[in-house]
Amino acid sequence: MQAEVNKFPGQIFPKSMWIPLVIAAVGAIIGIRVGVLGTAVFFVGFIWLAVVAFPLAAALYILAAPFPIGLILLHHKFYVADFMAIVLAFKLFFANVHRGLKALIDTFLPQPFRWPLLFILVLSVLSLADSLSRVGTVIKILEYIEFFVVMVAVFRTAGKDEKIWNGYFTALFVVVGAVALYGLYQFLFQLGPVYNIVDGHHVRATGFFGQPNPFGAFNEETFPLAVALLTLGPTYLKRGWLVVATTLAALGAVVSYSRGSWVADAAAVFFMLVVIIVTKPQLAKKFAWYSIGIPIAMFAVIFLLGKTNLSHTALAIGAHKNTAERLKSTVTAIIHPQGHFDTNQRLLIWKSAVQAIREHPILGVGLGNFHLFIQHHPPKGLAAIPPMAHNLYLEWGADLGVGGIIAALWFEWSWIKSVLTVIRRQTAVLPDYWYAALVGAFGSTVAFIVHNWVDFLIDQGVIVPLLVALALIATAYNLYRTRSVA
């Protein structure tokens, strides 16, 4: 199907997978008690698995990415998923190197995103000249290569094989569902810091991400994919598990109490509905019913659960905003930002990012180094040093100079332009599965773009739904160009 990407065998569960899978599982179990030995055994199995069952190895990356299992090296957290990506990158490289340089470029730099992605990487390398921490910048560059170069290429090897894509979706929905349920557990029993308390006796869910906003984003960017497959996909898809996946993704976004996640999914649903009305209006009613009704139901559930007190703390109910009040404050925070602590703090952080851009307009302070700049130049009234600028565009502007803002907008525009081009021009011939997947991928990119106006969500785990969406878009774009959709 894809001329520029080496196609791996279509079975996600071949018979040859069992021995390496058992070895990897044994390594994971040993790692609970003896970390180094367990990790070594795990990677023996995983490397073997990448050779004999590449799609399954890619699915395991999706399952592993959200969990902060790894080690600290040079003051940076390296996850097991990072090393899994290295294994997958080598497998993909050696599968294509014999085909020449052009094949490697086509494999790792997908056509619709190639030039903005290269622009980002070039700016990142140039930022080393004025970087506040060259080690930190190098690590960030490698991280971006893992996400946008390696893993998008890895997922694209599925081609048009729906069984493999279903394997990726299943892995994503399973891990998102598990994280959402853990977040609900945190919420119910107030298992979190005091500053995350909501509705008196509960906390905003953080899962394994450490902060509510990345937790919310992980669920929020998955919701469009799940609801699109549920409402727009072919009849042979089993609907029951998609209803569960959609419901849990919505639950996770709600229980995070992340205003950014709520607004992002609202925007995603709105623009997805516009696309559906323009291309397949007969499906709009069903999509609207599920995409709006399920989140409303989850808001109601969390509002009612907020009236319980399973934590048995002495805090008075109403000491912190409940679900309805938090939803209302999503609007008032925009109208009266000075009256909301979180919004006011973001304004101070953004002011500092603008200062960094003014002082370093060409090369920036180094990819991933804004947090060091604000540490040395804290604005008056800032409560705590943030790990990032809480805005993708200002973050890249501070890190990479003015070109970073251009790169962010160009990169995101390439996603939207590519997916809408395919959907609009190929609606008549797109199989139902691909139509649903592409509308879902479009929604995921919209959610990412909107949420990143108030946060910076390019990090391990939380980025996985976007990477799956980008791989879908790049694959379909190639199908559109070669006119071999059917």
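Every heavy atom of this structure was used, including side-chain atoms; hydrogens, water molecules and symmetry mates were not.
Across all non-hydrogen atoms, the minimal contact from A447 to A264 is O-CB, 3.3 Å. Minimum interatomic distance between L123 and G404 (heavy atoms only, all atoms of both residues): CD1-N, 3.8 Å. Of all heavy-atom pairs spanning S258 and P212, the tightest one is CB-O, 4.3 Å. Taking all atoms of both residues into account, the shortest heavy-atom contact from F108 to V149 is O-CG1, 3.4 Å. When all heavy atoms of F223 and P295 are compared, the pair lying nearest together is CZ-CG, 3.7 Å. Closest approach of P66 and F218 over heavy atoms only: CG-CZ, 3.6 Å.
To the nearest 0.5 angstrom, W350 atom CH2 is 11.5 Å from Y393 atom OH. Annotation: the span from F46 atom CZ to L21 atom CG amounts to 11.0 Å, rounded to 0.5 Å. S444 contributes atom OG, which lies 7.5 Å from atom CG of L466 (distance to the nearest 0.5 angstrom). Rounding to the nearest 0.5 angstrom, the gap separating the CG atom in L232 from the CG atom in D432 is 9.0 Å. Interatomic distance, CH2 of W413 versus CH2 of W410, reported as 13.5 Å (0.5 Å rounding). Rounded to the nearest 0.5 angstrom, T107 OG1 and K102 NZ are separated by 9.5 Å.
Taking 4.5 Å as the limit, every side-chain heavy atom of F271 sits out of range of all side-chain heavy atoms of L420. Between Q460 and F147 there is a side-chain heavy-atom pair separated by less than 4.5 Å. Counting heavy atoms from C-beta outward, W262 and F299 have side chains that approach closer than 4.5 Å. For the pair Y290/T246, no side-chain contact is recorded, criterion being any heavy-atom separation below 4.5 Å from C-beta on. With a 4.5 Å cut-off on side-chain heavy atoms, V244 and F173 do not count as touching. Taking 4.5 Å as the limit, some side-chain heavy atom of R114 sits within range of a side-chain heavy atom of I105. With contacts defined as side-chain heavy-atom distances shorter than 4.5 Å, the pair F370/L394 does not qualify. In this structure the side chain of F54 reaches within 4.5 angstrom of the side chain of L88, judged on heavy atoms.
For R425, the salt bridge (charged side-chain N to carboxylate O under 4.0 Å, His left out) criterion is met by no residue, not counting sequence neighbours. Legend: residues meeting salt bridge (charged side-chain N to carboxylate O under 4.0 Å, His left out) with E162, ordered by chain and number and at least two apart, are absent.
In this structure, Q186 contributes its side chain and G192 its backbone to no donor-acceptor pair below 3.5 Å. Looking only at distances, a side-chain donor or acceptor of S261 sits under 3.5 Å from a matching main-chain atom of A217. In this structure, E395 contributes its side chain and A389 its backbone to a donor-acceptor pair below 3.5 Å. Within the 3.5 Å criterion, the main-chain N or O of L104 finds no donor-acceptor partner in the side chain of R99.
Seen from the ring of F303, K307 counts as a face-on cation partner, given the 6.0 Å and 45° thresholds.
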Apply side chain to side chain contact (heavy atoms under 4.5 Å, CB included) to F113 and S418, showing your working. CA-CA 9 Å; F113 320 136; S418 302; 4.2 Å; yes
Under the criterion side-chain hydrogen bond (donor to acceptor under 3.5 Å, both in side chains), I'd like the reasoning laid out for Y79 against E146: C-alpha separation, chi angles, the key distance, then a yes or no. CA-CA 12 Å; Y79 296 88; E146 173 190 338; over 6 Å; no
Verdict with supporting geometry, H202 and T308, side chain to side chain contact (heavy atoms under 4.5 Å, CB included): CA-CA 9 Å; H202 305 276; T308 64; 3.3 Å; yes
Under the side chain to side chain contact (heavy atoms under 4.5 Å, CB included) rule, what do L367 and E143 come out as? Steps first, then yes or no, please. CA-CA 11 Å; L367 185 65; E143 190 175 71; over 6 Å; no
Go through it in stages, so that I can follow the logic: the residues are W165 and Y433, the test is ring-ring contact (aromatic ring centres under 6.0 Å, His included), and I'd like the CA-CA distance, side-chain angles, deciding distance and then a yes or no. CA-CA 10 Å; W165 284 111; Y433 185 91; 8.3 Å; no
Please determine whether side chain to side chain contact (heavy atoms under 4.5 Å, CB included) holds for the pair L142 and D82, giving the CA-CA distance in whole Å, both sets of side-chain angles, and the decisive distance to 0.1 Å. CA-CA 10 Å; L142 294 175; D82 293 324; over 6 Å; no
Could you walk me through whether R259 and D455 pass the salt bridge (charged side-chain N to carboxylate O under 4.0 Å, His left out) test, one step at a time? CA-CA 11 Å; R259 298 187 189 98; D455 277 302; over 6 Å; no
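Side-chain atoms of N196 and Y257 form no donor-acceptor pair, as typed in the model, at a separation below 3.5 Å. Between N478 and Q111, the side chains place no donor N or O within less than 3.5 Å of an acceptor N or O (distance only, hydrogens not considered).
Between Y182 and F208, the distance from one ring center to the other falls under 6.0 angstrom.
Classification of D106 and R156 as a salt-bridged pair fails, no side-chain N sitting under 4.0 Å from a carboxylate O.
Heavy atoms from other residues, nucleotides or ligands lying under 6.0 Å from CD1 of I19 number 12 at most. Other residues, nucleotides and ligands place more than 12 heavy atoms under 6.0 Å from the CZ atom of F189.
Classification of the F456-W396 ring pair by plane angle, with boundaries at 30° and 60°, yields perpendicular.
Each of Y477, F148, F448 was compared with W415 under the ring-ring contact (aromatic ring centres under 6.0 Å, His included) criterion, and only F448 meets it.
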